[in-house]
Amino acid sequence: MRLGPDERGYFGEWGGSWVPETLMQPLEELRKAYRRAQRDRVFQQRLNELLETYVGRPTPLYRARRLGAELGGAQIWLKREDLCHTGAHKLNNALGQALLAREMGKSRVIAETGAGQHGVAVATAAALLGLECRVYMGEEDMRRQALNVYRMRLLGAEVAPVASGSRTLKDAINEALRDWVTNVRTTDYVLGSVLGPHPYPMMVRDFQSVIGRETFAQFRKATHRLPDLVVACIGGGSNAAGIFSAFVPHERVRLVGVEAGGRGRAPGEHAARFGGDGSPGVLHGTRTWVLQDRDGGILPTHSISAGLDYPAVGPEHAAWRDSGRVTYTQVDDRDALGAFHVLAETEGILPALESAHAVAYAIKVAPAMPLKAHIVINLSGRGDKDLDEVRRIEGRPS
Amino acid sequence: MSSRLKETFTAARKARRAALVTYVTAGDPDLDRTVELARALRRGGADVLELGVPFTDPIADGPTNQAAAERALASGTTLAGVLEAVREIRRLGETIPIVLFTYANPVLRQGIDRFAADAAAAGVDGVLFTDVPSEESGRFRRPLLNAGLDPVMLVAPTSTKERVRAAAKAGRGFLYLVSRTGVTGARSALDRELEPTIRAVRKLSSLPVAVGFGISTPGQVETVARVADGVVVGSAIVERVARLGESPDLPDAVQAFVTTLAEACRR
């Protein structure tokens with residue numbers, strides 16, 4: 001299976017460029033600049049050097065023996081993206097795009113953020129490269145992720161609260177797009193996931209594909225074979241696209257994307273685009289699976305993890321689902337929180353609540369798998385940012 | 001087939017004036033008010049009526065129209081309801097051309113073929129998508145044309161000559177030129193580059209060119225009317241709807257304001 005998209009940014013029937021006309025020429029310039037950068041050895045060298053010496057790549061592929069023994073089935077491996085500088089995989093993409101912005105002569109970058117991890121990554125890259133930075137964040141997310149708001153401000157970024165709509169990631173993207181359409185001549189939009197108009201879904205996947213390439217090589221070196229199952233959580237789907245991309249051509253490897261099942265099946269209580277309630281639609285510049293009402297209004301979503309709390313999904317995931325190459329499933333808030341504790345207590349690792357969804361799925365399926373089977377979990381981020389929220393939910397004294 | 005939109009622009013040109021295109025968000029504050037407003041706008045001298053279909057995530061709109069969409073959605077406005085309001089406007093004998101200003105998703109949700117048939121039957125003349133550039137317009141164009149509706153295309157200050165030509169070719173009725181990079185909403189001043197941009201776009205298009213986004217005062221209308229075939233005023237009217245929404249004075253106040261805009265359209 002070849003990785004897309006086609007010239008117009010379509011993965012099968014998903015993707016495209018559904019944006020106001022004002023953004024079409026800037027998107028074309030971005031596509032050209034990205035194509036140039038892909039062939040530019042100096043650009044690639046600079047990016048690789050930063051990934052190695054600044055982000056801390058390659059990140060380890062860690063064998064979670066205690067968790068494996070506890071589950072009594074398949075062997076468990078963790079791709080430790082939580083050990084990236086700033087605590088999540090987001091910096092891989094933010095650095096790539098910020099370097100590209102500088103190549104294009106832009107002095108200002110903007111970004112949206114949900115959990116705050118992409119915002120922190122962009123603020124970090126902007127500080128490193130001397131770019132002005134503004135991050136849009138829903139008011140509800142600012143409350144849930146107060147620590148990341150403070151981190152971004154310490155890094156010199158301006159955090160702009162978004163009070164419209166559901167005050168979460170979707171509304172932050174609306175506001176970032178409005179900023180971009182207004183300041184397009186000086187500003188580059190650093191989008192944080194495999195979403196939005198062409199070329200973002202392709203470009204963000206490419207910048208994150210380093211996760212998959214490393215995992216592939218590390219796993220082969222350790223075991224001389226391929227894993228049986230690779231699991232990743234999926235909000236927009238960038239960490240999943242990053243790790244899956246290397247395994248997609250190897251049909252023997254099962255790939256599973258885990259969406260947020262939230263706290264119930266009713267509309268507004270989850271973010272399960274593929275879970276039965278989603279349908280084809282257009283949101284934020286791309287045609288994909290969307291949670292919407294009968295009249296095409298976008299529905300509110302819920303997840304314990306701000307990073308999965310989003311009503312659409314990257315278009316390439318929709319195509320992978322069509323082809324059956326990737327299976328999509330859901331884990332609810334409670335099981336994600338349970339997995340958060342299990343990983344903390346068996347391995348001494350606090351996962352981000354987003355990543356805990358992938359851990360929960362592995363916990364569910366590993367016991368029924370043979371001992372010689374291997375599961376790789378993409379541990380996309382660390383859980384420090386979630387401590388206040390977990391404590392609040394569980395009502396524990398500090 | 002000659003369209004009512006095209007005829008309207010031709011008539012305005014012959015009368016030595018720019019066509020006045022007025023925008024309100026349908027269903028703000030409710031659809032009954034929209035019907036009243038449509039009549040008030042026409043009485044005030046509007047040549048074309050643009051009705052915004054409210055959407056939950058209006059990325060091309062500034063705060064004024066966002067708030068209008070929220071009010072409209074809160075009053076239960078749907079695409080089907082907007083078409084019902086158009087039917088009512090026609091039942092009352094109004095013949096002013098009506099253009100729907102919409103995001104792609106509500107239309108895709110209904111299905112483009114059914115939407116085109118329903119919109120045409122209700123009395124809509126044209127449809128403008130805020131988030132459908134010429135690259136994506138293919139799947140809409142044929143169904144709209146088949147139903148006798150004009151696809152109205154947008155061009156922007158960032159559009160290249162090739163893009164303007166492509167939009168002029170894909171569109172019908174008129175070409176909508178966005179006055180400056182940015183979202184909808186009143187601005188205190190027009191872009192200094194606007195006049196040359198309008199002239200350049202008119203040279204590349206056989207369609208009449210209407211200019212919108214950020215034009216809110218009779219003075220600004222007068223400036224644009226000198227060089228453009230049409231002038232669009234939206235947020236300035238929506239602001240009055242927001243202020244007077246429930247008041248019985250709303251239609252008269254809007255009509256009086258639009259009269260001053262229509263005067264400013266004379267060359």
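Letters go in sequence order (proteins before strands), and every chain restarts at 1. Not measured: the values here are computed from a predicted model.
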(request) Using the side-chain contact (heavy atoms from CB on, under 4.5 Å) rule, take B/Arg163 and A/Glu28 through it: C-alpha gap first, then chi angles, then the decisive distance, then the call. (result) CA-CA 11 Å; B/Arg163 299 198 57 82; A/Glu28 180 57 30; over 6 Å; no

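- For the pair B/Ile59 and A/Pro20, the minimum side-chain heavy-atom distance is below 4.5 Å.
- Counted by atom type alone, B/Ser159 and A/Glu21 present one or more donor-acceptor pairs between their side chains at under 3.5 Å.
- The CH2 atom of A/Trp18 sits 8.5 Å away from atom CZ of B/Phe129, with the distance rounded to the nearest 0.5 Å.
- Taken from CG in A/Asp295 to CG in B/Leu79, the straight-line distance is 8.0 Å, to the nearest 0.5 Å.
- In terms of heavy-atom pairs under 4.5 angstrom with chain A, the leader among B/Val183, B/Asp131, B/Leu154 is B/Asp131.
- Within 6.0 Å of the CZ atom in A/Arg265, the count of heavy atoms belonging to other residues, nucleotides or ligands does not exceed 12.
- A donor-acceptor pair under 3.5 Å is absent between the side-chain atoms of A/Gln25 and the main chain of B/Thr160, judged by distance alone.
- Among B/Val132, B/Val107, B/Thr56, the residue with the largest count of heavy-atom pairs under 4.5 Å with chain A is B/Thr56.
- Contact of B/Gln110 with chain A is not made at all, since no heavy-atom distance falls under 4.5 Å.
- The contact between B/Pro157 and chain A is made by backbone and side chain atoms together, counting heavy-atom distances below 4.5 Å.
- For a residue to count as touching a neighbouring chain, one of its non-hydrogen atoms must lie under 4.5 Å from one of that chain's; by this rule A/Arg294 touches chain B with the backbone only.
- In this structure, chain A has no heavy atom under 4.5 Å from any part of B/Pro54.
- Taking each heavy atom of A/Thr22 and B/Ala156 in turn, the nearest pair found is OG1-CB, 3.3 Å.
- Rounded to the nearest 0.5 angstrom, B/Thr181 OG1 and A/Arg185 CZ are separated by 5.0 Å.
- Ranked by heavy-atom pairs shorter than 4.5 Å toward chain B, the options A/Val184, A/Ile298, A/Asn183, A/Asp171 are led by A/Ile298.
- Contact of A/Asp293 with chain B is made through the backbone alone, with heavy-atom distances under 4.5 Å.
- In terms of heavy-atom proximity, B/Pro133 sits nearest to A/Val19 at CD-O, 3.4 Å.
- Contact tally against chain A (heavy-atom pairs below 4.5 Å) for B/Ala80, B/Pro106, B/Ala60: the top residue is B/Pro106.
- Nearest heavy-atom pair across B/Arg109 and A/Gly296 is CG-N, 3.5 Å.
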(request) Evaluate the criterion salt bridge (charged side-chain N to carboxylate O under 4.0 Å, His left out) for residue pair B/Asp57 and A/Lys170; output intermediate values, then yes/no. (result) CA-CA 8 Å; B/Asp57 294 81; A/Lys170 132 183 127 65; 2.7 Å; yes

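- Residues of residues 279-289 of chain A placed with any heavy atom under 4.5 Å of a heavy atom in chain B are listed by number as A/Ser279, A/Gly281, A/Val282, A/Leu283, A/His284, A/Arg287.
- For A/Tyr10, the ring-ring contact (aromatic ring centres under 6.0 Å, His included) test picks out no residue, with sequence neighbours left out.
- Under the 3.5 Å distance criterion, the side-chain polar atoms of A/Arg178 are left unmatched by any main-chain donor or acceptor of B/Gly62.
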